[in-house]
Amino acid sequence: MTNLNATIMTAASARLSDSQDSFSSEELRPMGALPLPADAEVRIAGAVREILKALGENPEREGLLDTPQRVAKMYLEVFSGLHQDPRDHLKTQFSADRHHGAVIVKDIRFHSMCEHHLLPVYGKAHVAYLPAGGRLTGLSKIARLVEGFARRPQLQERLTDQIAQGMEDVLAPEAVLVVIEAEHMCMSMRGVRSPGSTTVTSIARGTWLRDSAARTEIMSLLRG
C-alpha cells in the first residue's frame with residue numbers, strides 16, 4: 001500500500017449514537033435499493049436554486065442558469081447506488097473449477113460522498129475472499145459491488161462494512177477481508193484543511209477474523 005502522509009486507523013464498524021438505538025442496523029444502513037421519487041430531479045434542482053439565492057447569487061444569470069439542472073443530474077448519478085442493490089452483481093457465479101485458494105482484487109478505484117458534508121471521498125478498495133465450495137464470482141463484479149455501495153451518502157467505515165457484508169450475503173465465503181484507503185474532501189478543503197491525509201479502514205470476517213496468522217498472510221499480499 002502507499003506511504004501515507006497522515007493515516008487514521010479506525011474500526012470498520014461505525015459507532016451509533018444513543019439516539020439511534022431504537023433503529024435496526026438495516027434501517028440505519030440499508031443494503032438494498034431505495035425507491036427513487038419520480039420528481040427527484042425537479043426537487044433537487046429547486047433546492048440548488050434556493051441555495052444559490054441564499055448565498056446572494058442570481059440563479060438567472062448566464063453562468064448559473066443551467067446549474068441547478070446540472071447539479072440535479074450529477075446528484076442522481078453520484079448517488080445512483082441508493083437505487084440499486086449492489087449485491088445483485090455477485091449473483092454471477094462460477095464453481096466448475098472448484099478453486100479453494102484466496103482471491104484478491106486490489107486497487108479498486110472509487111468515488112463516494114461523505115454524508116456529513118456531501119463532499120467527495122475518493123480512494124482505493126482492496127477486497128479478498130476465500131471461496132467456500134469453489135463458489136467464485138467475476139472479478140469485475142467485485143468492483144461493481146464497491147462502486148454500488150460507494151455511490152451513496154457514505155461513511156468510510158460503513159462502506160468497508162457493507163462491502164464485506166455483501167460478499168458474505170451472496171457468496172457465503174469462508175473468509176472476507178476488505179481494506180479501504182481514501183482521502184476526504186471534508187478534511188482537505190474545509191475545517192482542518194489537511195490535504196493528502198488518508199484514512200484507512202479494514203474489516204475481516206470468517207476464518208481471517210479468527211486466525212491471525214492467516215489474516216497476516218492476506219494483508220501481506222494486499223501490501224505487496
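Under the 4.5 Å side-chain criterion, counting only non-hydrogen atoms from C-beta, R190 is in contact with L119. S188 is not listed as a side-chain neighbour of R193, based on a closest heavy-atom distance of 4.5 Å or more. The closest side-chain heavy-atom distance from L139 to V103 is below 4.5 Å. Side-chain contact between Q84 and R151 is absent, with no heavy-atom pair separated by less than 4.5 Å. Residues V170 and H89 are not in side-chain contact: their nearest non-hydrogen atoms beyond the backbone lie 4.5 Å or more apart. For the pair K106 and R223, the minimum side-chain heavy-atom distance is 4.5 Å or more. Looking at heavy atoms from C-beta onward, Q162 lies in side-chain contact with Q154 at the 4.5 angstrom threshold. The side-chain heavy atoms of Y122 and R109, taken from C-beta on, include no pair separated by under 4.5 Å.
Between W208 and A175, the shortest heavy-atom distance links the atoms CD2-CB, 3.4 Å. Here the shortest heavy-atom pairing between G101 and P131 reads O-CD, 3.0 Å. For the residue pair P86 and G148, the shortest heavy atom distance occurs at CG-C, 3.5 Å. Contact detail for L159 and A150: the closest heavy-atom pair is CD1-N, 3.6 Å.
Atom OH of Y129 is separated from atom CD1 of I142 by 5.0 Å, given to the nearest 0.5 angstrom. Of the inter-residue distances, the one linking R215 atom CZ with L177 atom CG reads 8.5 Å to the nearest 0.5 angstrom. Atom-to-atom distance recorded for L52:CG and R61:CZ is 8.5 Å, nearest 0.5 angstrom. Between the CG atom in L64 and the CZ atom in R70 there is a gap of 9.0 Å [rounded to 0.5 Å]. Atom CE of M31 and atom CD of Q165 lie 5.0 Å apart (nearest 0.5 Å). Between atom NE2 of residue H100 and atom CG of residue L136 there is a gap of 9.0 Å, rounded to the nearest 0.5 Å.
The existence of a salt bridge linking E60 and R49 is confirmed by a sub-4.0 Å separation between a basic side-chain nitrogen and an acidic carboxylate oxygen. Ion pairing between D161 and R158 fails under the 4.0 Å rule for side-chain N and carboxylate O.
A donor-acceptor pair is defined here as one N or O able to donate and one able to accept, closer than 3.5 Å; such a pair exists between the side chain of H126 and the backbone of D107. When atom types are taken as modelled, the side chain of R152 and the backbone of P30 share a donor-acceptor pair closer than 3.5 angstrom. A donor-acceptor pair is defined here as one N or O able to donate and one able to accept, closer than 3.5 Å; no such pair exists between the side chain of E181 and the backbone of V200. In this structure, the side chain of R98 engages the main chain of G133 through a donor-acceptor pair within 3.5 Å. At least one donor-acceptor pair closer than 3.5 Å links the side chain of S80 to the backbone N or O of E77.
Put simply, V78 and L118 are part of the same group of oily side chains (I, L, V, M, F, W, Y) that touch within less than 4.5 Å, one to the next. Both L36 and V71 are members of a single hydrophobic cluster when ILVMFWY side chains are connected at heavy-atom separations under 4.5 Å. If you chain together hydrophobic residues whose side chains sit under 4.5 Å apart, L82 and V121 never meet in one group. In this structure, F110 is a member of the same hydrophobic cluster as V178, with clusters built from ILVMFWY side-chain heavy atoms closer than 4.5 Å. Under the 4.5 Å side-chain heavy-atom criterion for ILVMFWY residues, a single connected hydrophobic cluster contains both V105 and I203.
More than 12 heavy atoms of other residues, nucleotides or ligands shown are found within 6.0 angstrom of NE2 on H99. Within 6.0 Å of the CG atom in D97, the count of heavy atoms belonging to other residues, nucleotides or ligands does not exceed 12. Within 6.0 Å of CE in M74 there are more than 12 heavy atoms belonging to other residues, nucleotides or ligands.
Sorted by first and then second residue, the side chain to side chain donor-acceptor pair (under 3.5 Å) pairs with a member in residues 131-142 form an empty list; sequence neighbours excluded.
The ring-ring contact (aromatic ring centres under 6.0 Å, His included) test applied to Y75 returns F79, not counting sequence neighbours. In terms of the side chain to side chain donor-acceptor pair (under 3.5 Å) criterion, residue partners of Q69 (sequence neighbours excluded) are, by chain and number, E41.
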Passes side-chain hydrogen bond (donor to acceptor under 3.5 Å, both in side chains), T201 versus Q156? Steps please. CA-CA 7 Å; T201 49; Q156 184 174 328; 3.1 Å; yes
